[in-house]
Amino acid sequence: MSEPAAPFKAPIGTHDVLGPASASWEGLVTVFAQSAYRYGFSLVMTPIFEDVGVFLRGIGEESDVFKKEMYVFEDRSERRYALRPEGTASIVRAFVQHRPTTPWKAWYLTPAFRYERPQKGRYRQHYQLGVEVLGTDDPAVDVEVIALAHGFYRSIGLRQVRLLINSMGHDVCRATYVKVLRKYLKANQDHLCDEHREIWRENPLRVLDCKRAPCVKVTSEGPMLIDHICDDCRAHFDRVVAGLEALGIESALSPRLVRGFDYYNRTTFEFIADAFDSAQNSIGGGGRYDKLAEELGGKPTSGVGFGIGVERVLLARAAEGIDTELLKRSLDVFVVDTTGDATVSVLVERLREAGIATDRAYDQRSLKAQMKVADKSGARWAVLVGPEELAAVEVTIRDLRSQDFEQTQLRVAQSELVSTVANLLTK
RNA sequence: GUGGGCGUAGCUCAGUUGGUUAGAGCGCCAGGUUGUGGUCCUGGAGGUCGCGGGUUCGAUCCCCGUCGCUCACCCCA
């Protein structure tokens, strides 16, 4: 009647996470969550889609991410939504909506969606771990979030990570600088790269971000934003830099670092993984956004935060050759059963209730087959139940690391199973 | 959106200068004298050779298209 269905695949630029990779993910997230808690952050979850306006205000109508990379859709009531392209805007929207007491310190793990051609370290759905602090412009907070990210990278083993930092000034002093920059670019437009020779006028700051040699040459010889910011912004920036120094965190001033979202002001920073043999070597970044809450309809509230790309961090770890397990997860017991008796399920549950990680074989396969599964499961101990044990109301406990089972195998009463295993596991 | 490379078993890949039943290793399953895993031996299952069309007596192989993967540009995590 119907053709055999072509198997479905995950959409372009998306990935299933399973096998050994899932353990790395779980470990990474666990490490991040632990350090976020140590810094006084709480988990905040927001919907995966928002009114498009949240992102329009947040990341800017002129940004590439907004113009050509957003997953925008209409629901059945013709409301216009978008899958979130980044984490900050949603968190700030939630802040504005709920008015929590400040300073409000939120951490999150979220998928982020961007409609772009996938390549190494760049996906249509990727995951970001991040934090945001709302309600203070104290430079100590800038330092704190940077320290958190920095410490996270270190604790997962990354060593070849560079921190770039810059200040965007605030809207007034930045506007002054943009005029100066525009004048400079006009005088040098013939030396810009093909693309920016035409469009430098629209968004001069973008030219600073261009990686092509002509633009790099022109902009590196031109006026720098950091030299044009006002005294207050400069003082703020100096305190951030001093704070990082006090903590022994190395950073490099990167005067042309201009991040892609329009909401940033003052501090911006980015972490670069040098071992990463790819164009996407930025493994995290963030900055301060003191106008965003207002843009989203709230009271003026300062904010600062960062996002870390989970996939890129994993790729960076691989690039550095780090293969240490972030999270040790292994079974304690594997139950082998050739009887199919209900008693076995009871024993398995008792073990689990006692906090002993236990799995078992199914389908009443042969003893040999079940032992193979037990071996591959990585469990420390095998518990065998055959007709003999069943009749004697006992079980056999076997050390899966030992070569010679005859020597080390032991028989215990079923009632002693949990206490015996618990005891063995403490050794 | 643009360009390059690639698409043969679950995985990693051979192979056919176009010619009968398409191979290996790993993995999986079953055995190796009837209660025991990690080594070893034997056997087995598993493939529309991405999909569609064209050329040809004949295509997995050549050509075109398409889809997918991948890398790069743009931009970003």
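Just so you know, these numbers use all the heavy atoms, side chains as well, and skip hydrogens, waters and symmetry mates. A note on names: the letters A, B, ... follow the listed sequences, proteins ahead of strands, and every chain is numbered from 1.
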message: Under the side-chain contact (heavy atoms from CB on, under 4.5 Å) test against A/Thr358, which residue among A/Val333, A/Asp332, A/Leu347 passes?
response: A/Val333
- request: Pick the P atom in B/rG46 and in B/rG10, then give their distance to the nearest Å.
  value: 11 Å
- prompt: Looking for any heavy atom pair under 4.0 Å, which part of the strands does A/Glu270 touch: base, sugar-phosphate only, or nothing?
  reply: nothing
- prompt: How far does the C1' atom of B/rC75 sit from the matching atom of B/rU16, given to the nearest Å?
  reply: 44 Å
field: Nearest non-hydrogen partners of A/Leu163 and A/Glu250, listed with the distance
entry: CB-O, 3.6 Å
query: A/Arg117 has an atom CZ; how far is it from atom C1' of B/rG3, in whole Å?
result: 9 Å
query: Among side-chain atoms of A/Glu389 and A/Thr396, is any donor-acceptor pair under 3.5 angstrom?
result: yes
- request: Under 4.0 Å between any heavy atoms, over every strand shown, what does A/Gln280 touch: base, sugar-phosphate, or nothing? Just pick one.
  value: base
- prompt: Given the P atoms of B/rU17 and B/rC13, what is the spacing between them in whole Å?
  reply: 23 Å
message: Output the rounded distance in Å from CG (A/Asp16) to P (B/rG10).
response: 16 Å
task: Could you please name the partner base of B/rU39, counting Watson-Crick and G-U wobble pairs only when both distances are under 3.5 Å?
output: none
- prompt: Does B/rU60 have a Watson-Crick or wobble partner in any strand here, with both distances under 3.5 angstrom, and which is it?
  reply: none
query: To the nearest 0.5 Å, how far apart are CZ in A/Phe152 and CZ in A/Phe306?
result: 8.5 Å
task: Quick one: label A/Tyr127 by what it contacts on the DNA or RNA (base, sugar-phosphate, nothing), any heavy atom closer than 4.0 Å.
output: nothing
message: Under a 3.5 Å cut-off for both contacts, is B/rG46 paired Watson-Crick or G-U wobble with anything, and if yes, with which nucleotide?
response: none
- prompt: Do A/Gln34 and A/Arg38 get their side chains close enough for a donor-acceptor pair, meaning under 3.5 Å?
  reply: no
- prompt: Does B/rU34 have a Watson-Crick or wobble partner in any strand here, with both distances under 3.5 angstrom, and which is it?
  reply: none
message: If I take atom NZ in residue A/Lys368 and atom C1' in nucleotide B/rG31, what distance separates them, rounded to the nearest angstrom?
response: 7 Å
Pairwise P distance for B/rG47 and B/rA24, with rounding to whole Å: 15 Å
message: Once you apply a heavy-atom cut-off of 4.0 Å, does A/Gln370 come out as touching a base, just sugar-phosphate, or nothing?
response: nothing
query: So, is A/Arg365 near the phosphate of B/rC29, with a side-chain N or O under 4.0 Å from OP1 or OP2?
result: yes
- prompt: Any sub-3.5 Å donor-acceptor pair from A/Asp341's side-chain atoms to A/Val344's backbone N or O?
  reply: no
- request: Check the pair A/Tyr127 / A/Trp25 against ring-ring contact (aromatic ring centres under 6.0 Å, His included), numbers first and verdict last.
  value: CA-CA 10 Å; A/Tyr127 287 81; A/Trp25 274 76; 5.1 Å; yes
field: Whole-Å P distance, B/rA45 and B/rG52
entry: 26 Å
- prompt: Taking CD1 from A/Ile283 and P from B/rA77, how many angstroms apart are they, rounded to a whole number?
  reply: 13 Å
query: Is A/Lys120 touching bases, backbone alone, or none of the nucleic acid, heavy atoms closer than 4.0 Å?
result: sugar-phosphate
Distance, rounded to the nearest Å, where A/Tyr153 contributes OH and B/rA77 contributes P: 11 Å
- request: Look at all strands and tell whether A/Gly121 reaches a base, only sugar-phosphate, or nothing, counting heavy atoms closer than 4.0 Å.
  value: base
- prompt: Base, sugar-phosphate, or nothing for A/Leu129, non-hydrogen atoms under 4.0 angstrom?
  reply: nothing
- prompt: With rounding to whole Å, what would you report as the distance between B/rA9 and B/rU66 at their P atoms?
  reply: 24 Å
- request: Determine which nucleotide pairs with B/rU21, using a 3.5 Å limit on both distances of a Watson-Crick or G-U wobble pair.
  value: none
task: Could you check which nucleotide pairs with B/rC6 in any of the strands shown, counting Watson-Crick or G-U wobble with both distances under 3.5 Å?
output: B/rG68
query: For A/Thr14 and A/Val310, take the nucleotide of RNA chain B holding the closest heavy atom to each; which residue's nucleotide lies nearer the 5' end?
result: A/Thr14
task: Tell me the partner of B/rU55, counting only Watson-Crick (N1-N3 plus N6-O4 or O6-N4) or G-U wobble (N1-O2 and O6-N3) with both under 3.5 Å; none if nothing fits.
output: none
field: Residue closer to the 5' end of RNA chain B, A/Arg122 versus A/Leu367 (nearest nucleotide)
entry: A/Leu367
message: By nearest atom, which of the nucleotides B/rC71, B/rG35, B/rG27 is closest to the A/Gln119 side chain?
response: B/rC71
field: Protein-nucleotide distance (A/Glu116, atom CD; B/rA72, atom C1'), rounded to Å
entry: 14 Å
Inter-nucleotide C1' distance (B/rA22, B/rA77), Å rounded: 44 Å
task: For B/rG31 versus B/rG68, give the span between their P atoms, rounded off to a whole number of Å.
output: 44 Å
- prompt: With both distances under 3.5 Å as the test, what is the Watson-Crick or G-U wobble partner of B/rG1?
  reply: B/rC73
- request: For A/Ile308, answer base if it contacts any base atom (sugar-phosphate contacts may also be present), sugar-phosphate if it contacts only those atoms, and nothing otherwise; contact means non-hydrogen atoms under 4.0 Å.
  value: nothing
task: Would you mind reading off the distance between A/Tyr108 atom OH and B/rA77 atom C1', rounded to a whole angstrom?
output: 10 Å
Quiz item: A/Glu69 side-chain donor-acceptor pair to B/rG1 base, under 3.5 Å: no
query: Quick one: which of B/rG35, B/rC74, B/rA77 gets closest to the side chain of A/Arg312?
result: B/rA77
query: Roughly how many Å is it from CZ in A/Arg317 to C1' in B/rA77, rounded to a whole number?
result: 17 Å
query: Of A/Glu132, A/Arg266, A/Glu295, which meets side-chain hydrogen bond (donor to acceptor under 3.5 Å, both in side chains) against A/Tyr289?
result: A/Glu132
